[in-house]
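Notes follow once the structure below has been shown.
Atoms considered below: every heavy atom in the structure, side chains included; atoms not considered: hydrogens, waters and symmetry mates. All figures in this text were calculated on a predicted structure; none of them were measured in a lab.
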Amino acid sequence: VQLQASGGGLVQAGGSVRLSCAVSGRSLSRYTLGWFRQAPGKDREFVDREFVAAIAWNAGYRYYSDSVQGRFTISRDTAENTVSLQMDSLTPDDTAVYYCAAGPVASGYSTSPFSYDHWGQGTQVTVSS
């Protein structure tokens with residue numbers, strides 16, 4: 001599975017950004033697609049990637065972290081093999097590199113980055129105050 005994220009950039013607080021992730025390589029029927037983020041910091045490790053949202057590819061069930069619930073919306077287009085993250089009411093605390101990921105998560109979703117075995121390259125979102 002290959003993932004290619006796009007759509008990041010600089011936005012003012014209160015604004016919106018839409019991220020997209022193009023997925024290719026194999027059937028996603030048993031996969032969950034997720035978005036994670038990693039805030040700037042000198043000791044960033046893989047384990048520090050923060051769960052943002054996830055969607056079960058087949059059933060379309062959606063899951064969100066408490067910090068983005070009500071502001072972010074995850075969706076998928078099964079015809080185009082893309083997963084998107086619409087981010088509204090952004091705050092400076094949302095500044096991070098955002099990663100899309102895919103994993104065969106049997107339970108529907110997982111907040112652990114270790115449950116996802118395929119990752120995109122990350123796209124920077126910067127929210128100015």
Side-chain angles (χ1 to χ4, degrees):
V1 178
Q2 293 80 44
L3 300 99
Q4 181 74 36
S6 61
L10 175 64
V11 62
Q12 289 189 332
S16 299
V17 169
R18 185 176 181 87
L19 305 181
S20 292
C21 182
V23 189
S24 62
R26 65 171 294 166
S27 170
L28 298 174
S29 61
R30 297 186 179 184
Y31 274 70
T32 291
L33 278 295
W35 286 96
F36 287 75
R37 65 187 181 186
Q38 196 154 22
K42 62 179 181 178
D43 295 323
R44 292 184 297 174
E45 301 288 344
F46 180 78
V47 68
D48 296 321
R49 292 187 179 182
E50 176 193 2
F51 171 79
V52 175
I55 186 166
W57 188 258
N58 263 7
Y61 299 131
R62 307 176 186 187
Y63 312 91
Y64 299 95
S65 69
D66 290 343
S67 62
V68 307
Q69 178 76 49
R71 300 189 298 122
F72 291 11
T73 303
I74 190 170
S75 60
R76 89 260 195 251
D77 185 327
T78 56
E80 296 293 328
N81 265 21
T82 59
V83 60
S84 298
L85 185 68
Q86 176 67 38
M87 306 189 294
D88 300 319
S89 303
L90 287 162
T91 75
D93 287 342
D94 295 314
T95 294
V97 176
Y98 284 74
Y99 297 90
C100 58
V105 184
S107 62
Y109 87 107
S110 171
T111 61
S112 169
F114 294 100
S115 297
Y116 299 79
D117 47 12
H118 303 282
W119 291 81
Q121 83 284 11
T123 184
Q124 177 72 46
V125 174
T126 302
V127 185
S128 62
S129 57

Check for me, please, whether [X] and [Y] land in the same ILVMFWY cluster - side-chain distances under 4.5 Å, paths through other members count.
{"X": "Val17", "Y": "Val97", "value": "no"}
{"X": "Tyr99", "Y": "Leu28", "value": "no"}
{"X": "Tyr98", "Y": "Val23", "value": "yes"}
{"X": "Val105", "Y": "Val47", "value": "yes"}

Closest contact, heavy atoms only, [X] versus [Y]:
{"X": "Ala102", "Y": "Val1", "value": "CB-CG1, 4.3 Å"}
{"X": "Arg49", "Y": "Gln38", "value": "NE-OE1, 3.2 Å"}
{"X": "Arg76", "Y": "Ile55", "value": "CD-CD1, 3.4 Å"}
{"X": "Ser129", "Y": "Pro92", "value": "CB-CG, 3.8 Å"}
{"X": "Tyr64", "Y": "Ile74", "value": "OH-N, 2.9 Å"}
{"X": "Ser75", "Y": "Arg18", "value": "OG-NH2, 3.8 Å"}

- Message: Are there over 12 heavy-atom neighbours, none belonging to Gln121, within less than 6.0 Å of that residue's CD?
- Response: yes

For residues [X] and [Y], determine if any side-chain heavy atom of one lies less than 4.5 Å from a side-chain heavy atom of the other.
{"X": "Ser24", "Y": "Gln2", "result": "yes"}
{"X": "Asp94", "Y": "Arg71", "result": "yes"}
{"X": "Leu90", "Y": "Phe72", "result": "yes"}
{"X": "Asp117", "Y": "Pro104", "result": "yes"}
{"X": "Glu50", "Y": "Thr111", "result": "no"}
{"X": "Trp119", "Y": "Pro113", "result": "yes"}
{"X": "Val68", "Y": "Arg37", "result": "yes"}

- Task: Could you verify whether a donor N or O on one side chain and an acceptor N or O on the other, from Gln124 and Thr126, lie under 3.5 Å apart?
- Result: yes

- Message: Do Ser112 and Ser110 pair up side chain to side chain, a donor and an acceptor below 3.5 Å, judged on atom types alone?
- Response: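 Checked: Ser112/Ser110 side chains show no N/O donor-acceptor pair below 3.5 Å.
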
- Item | ring pair (Phe, Tyr, Trp, His ring centres under 6.0 Å) evaluation trace for Tyr116 with Phe36 | CA-CA 10 Å; Tyr116 299 79; Phe36 287 75; 5.1 Å; yes

- Message: side-chain contact (heavy atoms from CB on, under 4.5 Å), that's the test. Do Thr82 and Ser20 meet it? Break it down for me.
- Response: CA-CA 7 Å; Thr82 59; Ser20 292; 5.6 Å; no

- Interatomic spacing from OG in Ser84 to CG in Asp77 - rounded to 0.5 Å: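 Result: 8.0 Å between the selected atoms.
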
- Message: My understanding is that only one of Tyr109, Tyr63, Trp35 makes a ring-ring contact (aromatic ring centres under 6.0 Å, His included) with Phe51; could you say which?
- Response: Tyr109

